[in-house]
Amino acid sequence: MLGLMQDWPLTVDRILDHAKNWHGHREVVTRSVEGPIVRTTYAEIHSRARKVSNVLKEWGVKPGDRIATLAWNTGKHMEVWYGIMGIGAVCHTLNPRLFPEQLIYIINHAEDRIIFVDLTFVPLLEAVLPHCPSVERVVVMTDEWHMPATKLPKAECYEQVLSGVSDEVVWGGFDEHTACGLCYTSGTTGNPKGVLYSHRSNFIHTLMGMQSTVLGASPKETILPVVPMFHANAWGIAFAGPAAGARLVMPGARMDGAAIYELIESEQVTFSAAVPTVWQGLLTHLRENNLKIPSIKKVLIGGSAVPESLIRAFHDEFGVEVLQGWGMTETSPIGTLSNLTPELEALPYDEGMKWRIKQGIPPLGVELKLKNYAGQEMPHDGTTYGRLMIKGPTISKGYFKDEGGDILDHEGFFDTGDVSTIDEQGFMQITDRAKDVIKSGGEWISSIEIENIAVGHPKVELAAVIGAAHPKWDERPVLVIKLKPGETEDKQEHLDFLVGKIAKWWMPDDVVFVDDIPLGATGKIDKKLLRERLKDYQLPTAIAPSRG
Ligand code: ADP
């Protein structure tokens with residue numbers, strides 16, 4: 001027997017309709033790409049998004065067509081985003097930090113018809129576009145006074161294009177499984193892969209995101225999404241913000257510590273989300289200038305593991321709670337969150353740290369499993385490693401135009417490519433990406449765990465641990481360090497710092513100081529590039545002593 005409730009397709013246009021109807025006056029504040037702070041509301045964003053829809057329809061855009069954005073987090077980007085999705089077209093967020101060759105590959109693979117671009121990225125697009133035959137038009141997201149003299153063919157000015165256009169348009173009315181957003185993973189191995197979100201998956205993800213244990217979005221919050229909209233939908237904030245009627249503060253092109261501090265202080269931000277490197281930048285700025293951020297209650301940190309030193313700094317120096325999130329582009333991205341249970345919260349702070357540094361437990365709608373390479377399920381004992389498998393309505397089941405087809409195991413789980421443990425409390429902890437794990441003497445060493453301790457040394461700016469070939473042990477860990485400016489090199493003090501905090505056989509065989517540790521397109525350490533740079537490096541312990 002079927003239930004007798006209404007069929008109400010879960011499409012994301014309803015999110016902005018709701019924001020306009022019930023939170024229409026709530027502000028979206030942007031540090032505009034042109035410079036000044038710009039204030040708008042959900043009602044205005046709704047009206048202008050509908051104008052975008054009409055312009056796209058006028059240009060012959062049909063449901064399913066891919067329309068790209070190459071843009072920062074701004075109110076305008078939200079208009080374009082909802083304007084595209086509302087008529088059933090697919091909003092393809094391009095990551096401007098990718099190499100031009102990768103962007104060319106992605107734009108061609110997606111067959112983008114139109115690209116909306118911020119002023120900042122016009123030169124980048126000028127270099128890329130001659131190689132992208134599918135692109136018919138470019139819209140520069142600025143007004144006529146700031147419109148650059150550009151070589152881009154058929155470049156239009158956003159404000160001119162919208163002027164005089166009606167905001168009457170029909171949104172939605174299609175199947176909730178209709179594709180809605182496209183985001184390519186950075187493809188650290190092989191070509192980038194297109195994750196194709198549906199209206200339904202994004203809607204369900206929004207409901208998940210609004211929970212107090214996730215983003216906790218509500219009209220009482222002022223949320224600053226530093227995580228870009230091109231990085232897995234700003235972790236859902238561009239949907240959950242309007243869905244909950246939260247006030248949004250968009251950082252535009254500036255994500256340095258000073259700029260982020262300014263916005264937090266002037267707009268009284270209560271919650272923010274970003275990758276660890278952004279927070280390190282903010283902490284440095286706060287410390288150097290003896291500043292505080294009393295309006296902030298909680299920050300969400302994810303994208304890569306959160307070092308204990310970062311959690312402590314926020315807690316001890318600034319009274320801010322850190323919530324760690326784990327997820328992937330393929331998981332929309334919410335996977336797990338490090339909310340402590342009341343029992344764990346009741347422990348002395350230092351004892352609870354064991355769980356604070358873990359990635360935590362999934363919200364409703366996400367299933368997790370640990371499996372070994374033979375496909376057997378591994379115990380949740382906190383020590384046994386396994387491949388982390390994930391399932392749910394917000395998890396990918398295939399990649400866009402992928403010949404490989406089905407990417408799930410026979411039980412419908414997606415292999416995250418992460419290696420992790422799950423403890424008796426249900427707390428998941430990422431030990432490594434499968435391809436970064438260090439295999440030493442038949443056992444695995446977690447590079448992430450060592451890095452997270454090493455970066456806590458006061459002289460260290462960034463730390464990475466990679467495996468180096470060893471004739472006896474296969475691989476041994478090497479600690480690669482970028483020191484803070486002005487600090488002097490002393491290998492031993494960094495090894496001493498690890499003593500007692502990791503197993504003896506995990507102790508790196510060497511420390512290498514470098515001027516730069518490369519970061520990838522989503523702000524994480526690019527280990528592939530780091531390994532390439534150090535390909536001629538030989539472990540001192542692996543070199544046979546010369547016979548005199
Ligand atoms: P990309 O591969 O393009 O960087 P994602 O942003 O989708 O794309 O990266 C997802 C990966 O980032 C995860 O599989 C995991 O390895 C890593 N990751 C994300 N959050 C965390 C976290 N809190 N701790 C450790 N690793 C994380």
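All values below were derived from every heavy atom in this structure, side-chain atoms included, with hydrogens, water molecules and symmetry-related copies excluded. All ligand and atom numbering here is 1-based and tracks the order in the structure.
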Return all side-chain donor-acceptor pairs below 3.5 angstrom for residues 222-234, not counting sequence neighbours, or 'none' if the list is empty.
residue : atom : partner : partner atom : Å
Thr222  : OG1  : Arg247  : NH1          : 3.2

Which atoms of ligand 1 have any heavy atom of Met328 under 4.0 Å away?
7 (O), 10 (C), 13 (C), 14 (O)
Which ligand 1 atoms are under 4.0 Å away from a heavy-atom of Gln324?
22 (C), 23 (N), 24 (N)
Ser447 versus Asp432, side-chain donor and acceptor atoms under 3.5 Å:
yes
With sequence neighbours excluded, residues passing side-chain contact (heavy atoms from CB on, under 4.5 Å) with Gln376
Asn372, Ala374
For Thr522, atoms of ligand 1 separated by under 4.0 Å from a heavy atom:
4 (O)
Under 3.5 Å between some N or O of ligand 1 and some N or O of Thr329?
yes
Between ligand 1 and His231, is the shortest N or O to N or O distance under 3.5 Å?
yes
Numbered in order shown, the ligand 1 atoms found under 4.0 Å of a heavy atom of Gly325 are 20 (N), 22 (C), 23 (N)
Minimum distance, heavy atoms only, to atom 24 (N) of ligand 1: which one of Gln359, Gln429, Lys193, Arg433 is it?
Gln359
Relative to ligand 1, is Ser304 under 4.0 angstrom through side chain, backbone, both or neither, heavy atoms considered?
backbone
Taking NZ, NE, NH1 and NH2 as the nitrogens, is one of them in Asp256 or Arg254 under 4.0 Å from a carboxylate oxygen of the other?
yes
Return a yes/no value for Gly302: is any of its N or O atoms, backbone included, closer than 3.5 angstrom to an N or O of ligand 1?
no
Are His199 and His177 an aromatic pair by the rule of ring centers under 6.0 Å?
no
Could an N or O of ligand 1 be found under 3.5 Å from any N or O of Gly303, whether backbone or side chain?
yes
Ligand 1 contacted by Ala232 (non-hydrogen, < 4.0 Å):
no
Can you name the atoms of ligand 1, numbered from 1 with element, that are less than 4.0 Å from a heavy atom of Trp326?
13 (C), 15 (C), 18 (N), 19 (C), 20 (N), 21 (C), 23 (N), 27 (C)
Taking all non-hydrogen atoms of both residues into account, name the closest pair between Leu370 and Pro379 and its distance.
CD1-O, 4.2 Å
For the ring pair His205 and Phe239, is the centre-to-centre distance below 6.0 Å?
no
Exercise: identify the closest heavy-atom pair between Ile438 and Arg476:
CG2-C, 4.2 Å
